[in-house]
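Owing to the predicted nature of the structure, the values given are computational and were not obtained by experimental measurement.
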Amino acid sequence: MDTVTIKAKGISVTVDLTVGHIADMTVDSEGRQLKPLHRAPWIDAGETLPPDLPEGTVRLSGDFLCAPFSASDIEAAPLHGWPANSGWDVVASEATSDGWRAIFRLRRQVMGASVDKIFMLRDGHPFLYQEHVFSGGSGAVSAAHHPMTAMRDGGRLAFSPKRFAATLDTPLEPDPARGRFKLAYPARTTDLTRFPATGGGTLDLTDYRMEDQREDFITMVEADHGGPGWTALARRAEQDLVLVLKNPAELPVTMLWFSNGGRDYAPWSGRHRGVLGIEDGRAAVGHAASIGDNWLKREGVPTAFALGGDVSFRHVIGALPQASGEPPRDIATADGQMRLTGADGSTRDVAFDSDFLRIGKHG
């Protein structure tokens, strides 16, 4: 595998240059090594995979850029576009005064645009700071991050305020001979603890339970609250807290992919368990849908970036040790710190670049 690893004090990140996926992220904290990101079980198994799989599925790991998100039905490309399925070159990788900075460039173009991936690590910060930059090109493209984490025994979720959560018209796996799902399609709620379930009743989106074998996909639209958009997952067996942050003006939706043994066909084969995709984006499902009329646009939510000049968006992934099994009630970022407030009102401060996400400065 063609990889490059960058490091700063307390953190390392490895990129699989063949597809631009994060192959490994390790945070050293309180004498522990935290690994917040998932890696598909078939990558290192040496097995023969179905011949028609996109390269991004063959090498599915960590986080990657989707551009477009889902189907490439405007410009021919595999699922989630060339950024998730083809090679990247290292343009720069060097120490900074307080960490490390690396720039990767996609070998292909997206709608005529060149694409750069910029990774920044800071000493003592348990976070990967990412920026993607599209230069030139024409037309418009949807985009999303695709970080995936995995749990051995489930976990509890919390989110920045959302306007609502909704499923699409059809589930990911509608054929019971191939897979299964738990949520109702289409459905919608403003109460994330009571989402309509298939067959009646409700499910709690904040409770990832290993007994719920399923493939489910849901879109959450950020409320107008003026702060960073965030998702926090307290992983029970791993005894840690996985954090994903965005600027809602750039990436107004968070799409959750619940992948817990809900696909029976290769390479998934019922073994892709305990996985949660936390996919912050500016997208509907599919390139054509994102640049045309769609249900999110009718809600006033932008679903694509207009290309032509320099277009950029930023994103943060992190991990902290935590034994309580409960996510924070609130997250605030200011003055070089992140403050996490627990359900009991207790607070915890962590080193964080509070200017990085450009909250209130960029849309």
Side-chain angles (χ1 to χ4, degrees), residues 21 38 40-42 49-50 52-61 63-64 66 68-73 77-81 84-85 142 144-151 154 157 164-189 192 195-205 207-221 231 233 253-281 283-290 294-296 303:
H21 294 212
H38 168 63
W42 52 83
L49 298 177
D52 57 345
L53 288 181
E55 195 63 19
T57 302
V58 172
R59 308 205 60 76
L60 182 71
S61 65
D63 176 37
F64 51 89
C66 307
F69 182 80
S70 188
S72 297
D73 47 10
L79 179 73
H80 293 318
N85 291 275
S142 61
H145 278 266
H146 201 292
M148 299 164 291
T149 187
M151 294 155 272
L157 285 149
F164 63 87
T167 48
L168 302 172
D169 289 343
T170 57
L172 297 176
E173 297 297 341
D175 182 353
R178 290 169 59 83
R180 62 206 60 81
F181 57 95
K182 291 288 187 181
L183 301 179
Y185 294 79
R188 175 170 170 155
T189 187
L192 301 183
F195 196 91
T198 184
T202 62
L203 284 175
D204 184 353
L205 298 179
D207 185 12
Y208 194 113
R209 304 192 313 168
M210 296 301 291
E211 58 265 34
D212 291 338
Q213 292 194 17
R214 55 170 169 157
E215 295 291 318
D216 276 309
F217 181 83
I218 193 161
T219 300
M220 302 184 297
V221 174
T231 300
L233 170 63
V253 299
T254 297
M255 299 166 282
L256 298 180
W257 173 38
F258 296 85
S259 184
N260 187 35
R263 283 179 172 147
D264 295 331
Y265 53 92
W268 314 91
S269 306
R271 61 183 165 168
H272 200 250
R273 291 180 48 76
V275 178
L276 179 68
I278 304 167
E279 303 165 18
D280 293 323
V285 174
H287 195 172
S290 295
N294 63 67
W295 69 279
L296 284 165
T303 54

Say you draw a straight line from [atom1] of [X] to [atom2] of [Y]; how long is it, rounded to the nearest 0.5 Å?
X	Y	atom1	atom2	result
Leu256	Thr231	CG	OG1	6.5 Å
Glu279	Phe64	CD	CZ	7.0 Å
Asn85	Cys66	CG	SG	9.0 Å
Leu203	Arg214	CG	CZ	6.0 Å
His38	Arg273	NE2	CZ	12.5 Å
Phe217	Thr167	CZ	OG1	10.5 Å

Main-chain N/O of [Y] paired to [X] side chain as donor or acceptor, under 3.5 Å:
X	Y	answer
Ser142	Thr303	no
Tyr265	Ala177	no
Asp216	Lys182	yes
Asp73	His287	yes

Contact summary for [X] and [Y], nearest pair of heavy atoms:
X	Y	value
Pro267	Arg271	O-NH2, 2.8 Å
Tyr208	Ser259	OH-O, 3.5 Å
Met148	Val275	CB-CG1, 4.2 Å
Ser70	Gly286	CB-N, 3.5 Å
Asn260	Glu215	N-OE2, 3.8 Å
Gly56	His21	O-CE1, 3.2 Å

With side-chain contact (heavy atoms from CB on, under 4.5 Å) as the test, pick out the partner of Leu157 among Leu205, Asp207, Leu276. Leu276
Ring centres under 6.0 Å, that's the criterion: do Trp257 and His272 meet it? yes
Apply salt bridge (charged side-chain N to carboxylate O under 4.0 Å, His left out) to Asp63 and list each qualifying residue two or more places apart in sequence or on a separate chain.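 Testing Asp63 for salt bridge (charged side-chain N to carboxylate O under 4.0 Å, His left out), a comparison that skips the adjacent residues, returns none.
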Residue list, salt bridge (charged side-chain N to carboxylate O under 4.0 Å, His left out) with Arg188, at least two apart or on another chain: Glu299
Let's go through Phe181 and Thr170 carefully: what are the C-alpha distance in whole Å and the side-chain angles of both, what is the deciding distance for side chain to side chain contact (heavy atoms under 4.5 Å, CB included) to 0.1 Å, and is it a yes or a no? CA-CA 10 Å; Phe181 57 95; Thr170 57; over 6 Å; no
Can you classify the ring geometry of Phe164 versus Trp295 as parallel (below 30°), tilted (30 to 60°) or perpendicular (above 60°)?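 Tilted, since the angle between the ring planes falls between 30° and 60°.
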Heavy-atom side-chain contact between [X] and [Y] under 4.5 Å:
X	Y	result
Arg180	Asp264	yes
Arg209	Asp204	no
Leu172	Phe258	no

